[in-house]
2 protein chains.
Amino acid sequence: MKLITREVDYAVRALAAVARAGGGLSAAGLAGPAGVPRPVLRKIMQALSRGGITRSSRGRGGGFVLARPPRRISLGDIIAAVRGPLKFNDCVFGGALCHNHRTCLLRGRVAAIERKVLDEVRRVTLADLS
Amino acid sequence: MKLITREVDYAVRALAAVARAGGGLSAAGLAGPAGVPRPVLRKIMQALSRGGITRSSRGRGGGFVLARPPRRISLGDIIAAVRGPLKFNDCVFGGALCHNHRTCLLRGRVAAIERKVLDEVRRVTLADLS
DNA sequence: ACTGAATGATACTAAACTTGTATCATTTAA
DNA sequence: TTAAATGATACAAGTTTAGTATCATTCAGT
Ligand code: FES
Ligand code: FES
């Protein structure tokens, strides 16, 4: 039951490195020091760019920069970009027609807990993590 | 990223049924109405008994009863019995010798969030869910 | 005693998700 | 023109979750 997957952890460390560096960093430059397989980091950085957390420049000398200051990038943003939006309360029967949807005993409670967790992960920013 | 797995959901519904029934209920008696595969429910009930949430009696006429009143059975207890203790912050590198353990940026933060979630799931009791 | 209904314990298969790998296309600076 | 970089995808391997199958053990009723 992981809140933080390995990819999220990689993402956080990579972003922290980018923040430190100031300038742009390439995936290769990030993977090496962090001990992350290069293709994996590439995939993660691509997700972060798609999610609007970094901006990328292609071609020779290209790389990644933060799209906004560290203080405005939250752990929640990072999780959302890498794994998709945090959803604790997805119906355990795969959505669609859940015959218990109305009488579900847990749905509301779990949704409430999810909201609190969301608050927490949004409160932690990259600035706190550097 | 599921806080509640299908098995936990099954467990909650089964326990609610046991609570309603007052007396003992067999796995067969529980599985049918809830629409859960019988062997699956059996496995879950066994886990709940091992976890001290229900007490079982074997043999003909046997079945399960709550080991304590619904108000004293929390969602946290149920999750722990069925899936093992809730751990959000397991080191994403599988524990052992994590070369980042000391410098890990996330560990403390995630542990704090985990504690809050634990508080929440412990606050919700079977009585609330029935 | 015997039988049948029930749980205890385990081993196994199948499906879903996470993690890591591999390619090819596109862009850009030198 | 070339080499270094990202974009986009497809694939393989590993891990976790979900479901199935068996056999052993207990116990009430006859
Ligand atoms: S199980 Fe589908 S909503 Fe609760
Ligand atoms: S990655 Fe191992 S402790 Fe953070």
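It should be emphasised that the depicted structure is a prediction, and the values quoted were computed from it without experimental measurement. Per chain, numbering begins at 1; letters A, B, ... match sequence-line order.
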Exercise. Can you find a side chain N or O atom of B/Tyr10 that sits less than 4.0 Å from OP1 or OP2 on D/dA18?
Worked result: no

Problem set entry | Salt-bridge criterion met for A/Glu120 and B/Lys116 (N-O under 4.0 Å) | yes

For this session: Could you check B/Ile4, B/Asp128, B/Val121, B/Val12 and say which one makes a side chain to side chain contact (heavy atoms under 4.5 Å, CB included) with A/Arg109?
Result: B/Asp128

Exercise. Do B/Arg13 and A/Leu105 come close enough that some side-chain heavy atom pair is under 4.5 Å?
Worked result: yes

Contact list (N/O, under 3.5 angstrom) for nucleotides 5-7 of chain C vs protein:
residue: C/dA5; atom: N3; partner: B/Arg60; partner atom: N; Å: 3.4
residue: C/dT7; atom: OP1; partner: B/Ala27; partner atom: N; Å: 2.7
residue: C/dT7; atom: O3'; partner: B/Ser56; partner atom: OG; Å: 3.3

Pairs: protein N or O with nucleotides 10-15 of chain D N or O, under 3.5 Å:
none

Seminar exercise, completed: From CG of B/Leu3 across to P of D/dT17 the rounded distance in Å is 12 Å

Seminar exercise, completed: The side chain to side chain contact (heavy atoms under 4.5 Å, CB included) partners of A/Ser130 (sequence neighbours excluded) come to A/Ala16, A/Leu126

Problem set entry | side chain to side chain donor-acceptor pair (under 3.5 Å): pairs with one or both residues in residues 64-74 of chain A, sequence neighbours excluded | A/Arg68-A/Asp77, A/Ser74-A/Asp77

Exercise. Minimum heavy-atom separation for B/Thr125 to B/Pro70, with atom names?
Worked result: CB-O, 3.7 Å

Exercise. Whole-Å distance between C/dG20 P and A/Glu7 CD?
Worked result: 7 Å

Exercise. Can you check the A/Ile44 CD1 to D/dA8 P distance for me, whole Å?
Worked result: 16 Å

Problem set entry | Under-4.0 Å salt bridge between B/Arg115 and B/Asp119 | no

Seminar exercise, completed: note: B/Met45, atom CE; C/dA9, atom P; distance rounded to Å ~ 14 Å

Exercise. With a 4.5 Å heavy-atom cut-off, do A/Leu75 and A/Arg122 have their side chains touching?
Worked result: no

For this session: Taking side chain to side chain contact (heavy atoms under 4.5 Å, CB included) as the test, write out the residues that go with A/Pro39, two or more places apart.
Result: A/Pro37

Problem set entry | salt bridge (Lys or Arg N to Asp or Glu O under 4.0 Å) against B/Lys43, all qualifying residues, sequence neighbours excluded | none

Exercise. Hey, which of these two, B/Arg50 or A/Arg38, hits DNA chain C nearer its 5' end, going by closest nucleotide?
Worked result: B/Arg50

Exercise. Angle, rounded to 10°, between the helical axes spanning five pairs at each terminus of the helix from C/dA1-D/dT30 to C/dA30-D/dT1?
Worked result: 0°

Exercise. Of all of residues 76-85 of chain A, which get a heavy atom below 4.0 angstrom from DNA chain D, listed by number?
Worked result: none

Give the table of side-chain donor-acceptor pairs shorter than 3.5 Å for residues 22-31 of chain B, with sequence neighbours excluded, one pair per line with atom names and distance.
residue: B/Ser26; atom: OG; partner: B/Gly29; partner atom: N; Å: 3.0

Problem set entry | For B/Glu7, side chain to side chain donor-acceptor pair (under 3.5 Å) partners two or more places apart | none

For this session: Go through the structure and list residues passing side chain to side chain contact (heavy atoms under 4.5 Å, CB included) with B/Arg50, not counting sequence neighbours.
Result: B/Gln46, B/Ala47

Seminar exercise, completed: Rounded to whole Å, CG of B/Asp9 lies from C1' of D/dA18 at a distance of 13 Å

Problem set entry | Atom pair distance, as rounded to whole Å: CG in A/Leu41 and C1' in C/dT21 | 14 Å

Exercise. Does C/dA16 have OP1 or OP2 sitting under 4.0 Å from an N or O in the side chain of B/Arg6?
Worked result: no

Identify every side-chain donor-acceptor pair in residues 52-65 of chain B under 3.5 Å, counting partners at least two apart or on other chains, and give the distances.
residue: B/Thr54; atom: OG1; partner: B/Ser49; partner atom: N; Å: 3.3
residue: B/Thr54; atom: OG1; partner: B/Ser49; partner atom: OG; Å: 2.9
residue: B/Ser57; atom: OG; partner: B/Gly63; partner atom: N; Å: 3.4

